[in-house]
Amino acid sequence: MSASLCKDCGRPMLWVRTENGKAMPLDVMPFTNGNVVMVGTLGVRDSTPVVHVLTNADRAEGTYDGRQLFVMHRATCGKDVQMEQQGLL
């Protein structure tokens, strides 16, 4: 797993890949109301986590009940939240 600090807020982030291969930073700590679940790794030699972003159908079906959920760092980053409130994102 690749962890780094956010250059804007200084909080730790975990870099993962979506099932489509897109890089995504997550908050390191699980989040009760998160919408991202880890589903595996890229492979034997690459331990980068692969994640699935939950849909409403996933939640309704309970497919990932009991699993740790995470949230994209952008949702909690002080800079991004402030820019969103100002209509800049």
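Small disclaimer: the values here were computed from a predicted structure and weren't measured.
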Seminar exercise, completed: Closest non-hydrogen atoms of D8 and C77, given as atom of the first, atom of the second and distance, are CB-SG, 4.2 Å
Seminar exercise, completed: When rounded to the nearest 0.5 Å, the distance separating CG of L69 from CZ of R59 is 6.5 Å
Exercise. Which heavy atom in L14 sits nearest to a heavy atom in M38, and how many Å separate them?
Worked result: CD2-CE, 3.4 Å
Seminar exercise, completed: To the nearest 0.5 Å, atom CE of M72 lies from atom CE of M13 at 13.5 Å
Problem set entry | Linked, directly or transitively: V37 and L42 (ILVMFWY side chains, under 4.5 Å) | yes
Problem set entry | F70 reachable from V53 in the ILVMFWY side-chain graph, under 4.5 Å edges | yes
Problem set entry | From E61 atom CD to L54 atom CG, the distance as rounded to the nearest 0.5 Å | 11.0 Å
For this session: Might you confirm whether atom CG of N56 has over 12 heavy atoms from other residues, nucleotides or ligands at distances under 6.0 Å?
Result: no
For this session: State whether the number of non-hydrogen atoms from other residues, nucleotides or ligands found under 6.0 Å of M24 atom CE is greater than 12.
Result: yes
Exercise. Considering the options T18, N35, V36, D58, which one meets the side-chain contact (heavy atoms from CB on, under 4.5 Å) requirement together with H52?
Worked result: D58
Exercise. What pair of heavy atoms forms the shortest contact from W15 to S4, and how long is it?
Worked result: NE1-OG, 3.0 Å
Problem set entry | side chain to side chain contact (heavy atoms under 4.5 Å, CB included) assessment of L26 paired with F31 | CA-CA 10 Å; L26 298 179; F31 191 78; over 6 Å; no
Exercise. How about D27 and H73: do any of their side-chain heavy atoms sit closer than 4.5 Å?
Worked result: yes
